[in-house]
Each structure stands twice: as structure tokens, then as C-alpha cells.
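For clarity, every value in this text was computed on a predicted model and none was experimentally measured.
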Amino acid sequence: MNKLMKNILLSTTAVLATMAFATNVSAASIHKAATSTISRRTGLTYRYAKKMLKENKTGLSGKTSSLFSSKLYPDTGAASGYSDFLLGLKGNHYKFTTSEKNLLRKNLVIKRNSTAASVANAVMAVQAVGLNATNYKPYHHKKGINLVSRLYRANVSKQTSSSQAETLIAVSMSSRFKQPSGAKFSKASLSARLVNSQLNNNGWTYNNAQGAKDSDVTSMVLTGLYRGKSKASTVESSIQKGQKFLYSLAQGNGAFGYTYAGKTTPNANSTAEAIIALSNNSATNKYVNSTAMRTGQKATPLYAMLRYVNNSGSIKKATSQLYGVGQVNLAVAAYKAALKNRSVYSIN
């Protein structure tokens with residue numbers, strides 16, 4: 001075990017040292033992820049992520065492809081989910097090498113007509129690896145690109161709620177990010193747009209379908225609204241209602257999932273998204289691994305999510321290891337940051 005890994009595990013243990021594993025479930029207790037479990041399973045999936053980056057692969061077994069490739073992904077230069085993957089590594093204190101930064105610079109695709117979602121992911125990825133999104137220089141280019149200004153001038157009106165939330169998260173990452181002249185939105189107006197798309201059940205969905213239950217998009221929007229820091233009463237009310245809706249979607253085993261035709265399938269990714277949303281502030285962070293959100297809940301989301309981590313570090317039943325490993329690492333990092341009153345998305 002290298003020194004970096006030891007420091008990460010020791011840090012995790014120190015932060016979460018007060019947590020215990022409850023073996024007897026009653027009305028007053030709930031299964032929690034034990035400190036030893038958090039350290040061991042976090043270490044497994046973190047090491048898996050490092051190998052993925054080193055090999056530039058979306059997974060280490062089975063059918064995989066390149067993580068970064070401008071040929072394979074002509075619109076973005078990277079596989080879907082790459083920004084969460086890099087943010088997860090960054091949040092767990094990984095130090096990106098020059099060659100890894102150049103891998104991003106050589107492949108990242110930024111076009112004049114790139115969608116807001118594509119540029120938002122680029123902003124998050126560039127910040128995560130330690131480059132400057134306001135002066136991003138592609139490989140062999142001397143002139144930098146202000147990706148933040150590019151994002152502010154992108155059209156968000158026809159983007160999905162999840163893409164709009166990603167955009168709001170991206171422009172809120174750093175105090176150095178300024179809204180330029182000619183911007184097509186502000187953080188306040190984008191927050192208001194998300195509030196207006198809130199459904200009658202107080203959640204959000206990918207396609208704005210009334211009556212649908214979508215914990216993933218609801219979680220992303222809650223994180224976006226919280227990061228936007230709007231003081232409008234309508235936004236604050238929307239967040240509170242959205243949080244209560246998210247609580248209602250917690251399964252008895254603590255996991256979250258996607259719902260189709262009335263059936264919910266719990267999974268690591270949905271649970272990770274919920275943990276990230278719950279890690280937004282101290283009022284909701286307690287629900288990650290301390291307190292039940294709803295009646296009948298017998299385990300915490302962190303307990304449930306870590307049970308999806310295989311001994312190899314891969315994620316059980318993940319549609320993609322890039323998504324699975326990336327979001328699990330990001331969720332753990334978000335929770336650890338929240339315990340220190342920080343945000344995994346704040347990168348100056």
C-alpha cells in the first residue's frame with residue numbers, strides 16, 4: 001500500500017471515527033456503514049479508479065473502451081461520465097500527473113456548437129485535474145479558452161433538467177468564475193428555470209413526465225440548486241419540497257434506484273447521486289449514515305452503496321464501471337467533504 005493510499009484511509013477513518021455498525025435493528029436504530037467498512041471498500045474502488053485512469057479504460061474487465069479518445073467520442077473526447085469520475089478521484093485527494101492532464105488536453109473536444117451539458121462536463125473535468133477552466137489550453141495550443149464564458153453563452157433552454165443542473169453546478173465551482181457580458185443565463189435565472197420544471201410530486205425527471213419518480217435527476221437538481229446559492233424564497237421552498245420527495249424514495253435497505261413501470265430497481269449509481277445531494281448541507285448530511293429518512297428504512301444510503309463494491313473494486317450491476325466507480329468515489333468524497341463543512345464541487 002503506497003503512502004497516498006494510507007493517508008486517504010487514515011483520513012477517512014479519522015473523519016468517520018465516531019460511526020459504528022448497528023447489528024440490531026429496532027425502531028430506534030439503523031444499519032450504518034462501519035468505519036472499517038468505509039475505509040476498506042473506499043480503498044478498493046479508489047484503487048480500481050486509479051487503474052482505469054492509468055490504462056485509459058472505462059473498466060478493467062469485460063467489454064471496455066477508451067476513457068479518453070477524440071476519435072471514439074468526436075463530440076466530447078471522453079466517455080460519458082468522465083467528469084464525475086475525475087471529480088471522484090480529485091475528491092479523494094488524487095494528484096493528477098502531467099501526462100494524465102495532457103491526456104485530457106489532447107482529447108477533450110470543445111466546439112463552437114458544443115451543448116451546454118458538454119461544456120459543463122468539460123469545466124468540471126478541467127477543474128478536477130488541476131487546470132484552469134477560465135484559461136483552458138488544449139494540447140499544443142498557446143491561446144487559452146474561457147470555458148466558463150463559453151458555457152454562459154450556451155443555450156440552456158432546450159437542455160434537460162439534469163443538464164441544466166450540471167450547468168449550474170459547473171458555473172458555481174469557483175469564486176473566480178464570473179458571468180460574462182452576453183450570457184444567456186445567470187445562476188439566479190437558471191435556478192428559477194429548474195424550480196419551474198419541478199413536478200407536481202415535488203421531484204424532477206429527465207423528460208419532465210408528471211407522476212414519474214426519478215431519484216437520479218431529483219438528486220442532481222437539488223445539488224444544482226444548492227450550489228447556485230439563490231436566496232429567492234421560491235428556490236428555498238423548492239429545495240425543501242424536493243428533499244422531502246427524495247426522502248420518500250429511499251428503499252428499506254437504504255438504497256435508491258430508478259423506477260420504470262412502477263417498479264424500482266435499487267443500484268449503486270442512484271444511491272450515490274442521493275448521497276451527493278444529501279451531502280449538500282448539515283441538515284441533510286445526517287441521513288447519509290446516521291439517521292433514517294423515512295419509516296421502514298433499516299439501513300443508511302452509505303451502508304447500502306458500499307455493499308455494491310466488489311472485492312476487485314468494481315461496482316455490482318453497474319451499467320458502466322466508469323459511471324459506477326466514478327459516482328461511488330464522488331459520493332464518498334462528497335460525504336467526507338460535507339463532514340468538514342466543505343463541498344466536493346468547490347475547486348478554485
Side-chain angles (χ1 to χ4, degrees), residues 45 58-59 62-63 79-85 87-88 117 120-121 159-166 169 194 197-226 239 241-280 284 287-288 292-294 296-310 314-332 334-335:
T45 194
T58 57
K63 186 178 180 180
S80 182
Y82 79 99
S83 60
D84 279 356
F85 175 81
L87 282 166
N121 277 288
Q159 295 282 290
T160 63
S161 293
S162 57
S163 294
Q164 291 171 355
E166 286 179 328
I169 292 169
L194 285 167
S197 64
Q198 191 167 21
L199 304 178
N200 294 336
N201 62 14
N202 293 324
W204 288 265
T205 65
Y206 180 80
N207 57 3
N208 293 337
Q210 287 289 353
K213 297 180 179 180
D214 191 331
S215 67
D216 293 69
V217 176
T218 297
S219 296
M220 289 184 65
V221 173
L222 286 172
T223 297
L225 288 176
Y226 189 80
I239 290 174
K241 291 185 292 185
Q243 287 171 340
K244 290 180 180 178
F245 175 72
L246 183 64
Y247 303 159
S248 74
L249 300 182
Q251 302 296 295
N253 66 354
F256 287 79
Y258 65 86
T259 302
Y260 179 74
K263 180 181 179 181
T264 299
T265 304
N267 61 87
N269 292 80
S270 298
T271 307
E273 289 281 10
I275 288 174
I276 294 168
L278 294 171
S279 298
N280 283 324
T284 58
Y287 296 126
V288 175
M293 289 169 276
R294 54 180 289 273
Q297 182 188 343
K298 295 179 172 60
T300 66
L302 186 61
Y303 176 95
M305 184 184 73
L306 293 179
R307 288 173 68 86
Y308 286 100
V309 179
N310 292 313
S314 63
I315 306 301
K316 297 174 185 175
K317 300 179 181 180
T319 55
S320 149
Q321 288 305 320
L322 182 57
Y323 268 117
V325 171
Q327 290 188 329
V328 167
N329 271 288
L330 182 56
V332 171
Y335 181 49

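- Under the side-chain contact (heavy atoms from CB on, under 4.5 Å) criterion, S219 pairs with L246, E273, A274, A277, sequence neighbours left out.
- Using a 4.5 Å heavy-atom cutoff, the side chains of N201 and F245 are in contact.
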Stepwise side chain to side chain contact (heavy atoms under 4.5 Å, CB included) check, W204 with D214: CA-CA 7 Å; W204 288 265; D214 191 331; over 6 Å; no
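- Here CG of N310 is found 9.5 Å from OG1 of T45. Values are rounded to the nearest 0.5 Å.
- Residues T265 and N267 share a closest heavy-atom pair of O-ND2, 3.1 Å.
- Judged by distance alone, the side chain of Q164 and the main-chain N or O of L194 form no donor-acceptor pair under 3.5 Å.
- When all heavy atoms are compared, the tightest approach of Q297 to M293 is OE1-N, 2.6 Å.
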Intermediate values then yes/no, side chain to side chain donor-acceptor pair (under 3.5 Å), S270 and D216: CA-CA 5 Å; S270 298; D216 293 69; 2.7 Å; yes
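- Every residue meeting the side chain to side chain donor-acceptor pair (under 3.5 Å) condition with T205, not counting sequence neighbours, appears here in chain and number order: N207.
- Between atom CD of residue Q198 and atom CG of residue L225 there is a gap of 8.0 Å, rounded to the nearest 0.5 Å.
- Under the side-chain contact (heavy atoms from CB on, under 4.5 Å) criterion, K244 pairs with no residue, sequence neighbours left out.
- More than 12 non-hydrogen atoms from other residues, nucleotides or ligands lie less than 6.0 angstrom from NZ of K316.
- S162 approaches Y206 most closely through the heavy-atom pair OG-CD1, 3.9 Å.
- Scanning for side chain to side chain donor-acceptor pair (under 3.5 Å) contacts around T218 gives an empty result, with sequence neighbours left out.
- Residues satisfying the side chain to side chain donor-acceptor pair (under 3.5 Å) test with E166, not counting sequence neighbours, are none.
- For the pair R294 (side chain) and A250 (backbone), a donor-acceptor distance under 3.5 Å is present.
- With sequence neighbours excluded, the residues forming a side chain to side chain donor-acceptor pair (under 3.5 Å) with Y323 are S80, listed by chain and number.
- Taken from CZ in F256 to NZ in K213, the straight-line distance is 12.5 Å, to the nearest 0.5 Å.
- For the pair Q210 and N200, the tightest heavy-atom approach, listed with the atom from each and the gap, is OE1-N, 3.1 Å.
- Partners of A331 under the side-chain contact (heavy atoms from CB on, under 4.5 Å) rule, at least two apart in sequence or in another chain, are A272, I275, I276, M305.
- For the atom pair CD of Q321 and CZ of F85, the computed distance is 10.5 Å after rounding to the nearest 0.5 Å.
- You'll find the side chain of Y287 stays beyond 4.5 Å of the side chain of T300, heavy atoms only.
- Counting all heavy atoms, side chain and backbone alike, L199 lies closest to N208 at CD2-O, 3.8 Å.
- Applying the side-chain contact (heavy atoms from CB on, under 4.5 Å) test to A268 and every residue at least two apart in sequence or in another chain returns Y308, I315, V328.
- Note that OG1 of T160 and CE of M220 are 7.5 Å apart. Values are rounded to the nearest 0.5 Å.
- Judged by distance alone, with hydrogens and angles left aside, the side-chain atoms of S163 form no donor-acceptor pair with the main-chain N or O of A117 at under 3.5 Å.
- Contacts classified as side-chain hydrogen bond (donor to acceptor under 3.5 Å, both in side chains) and involving residues 246-259 (residues at least two apart or in different chains) are given here: T259-T264.
- Between atom OH of residue Y303 and atom OG1 of residue T271 there is a gap of 13.5 Å, rounded to the nearest 0.5 Å.
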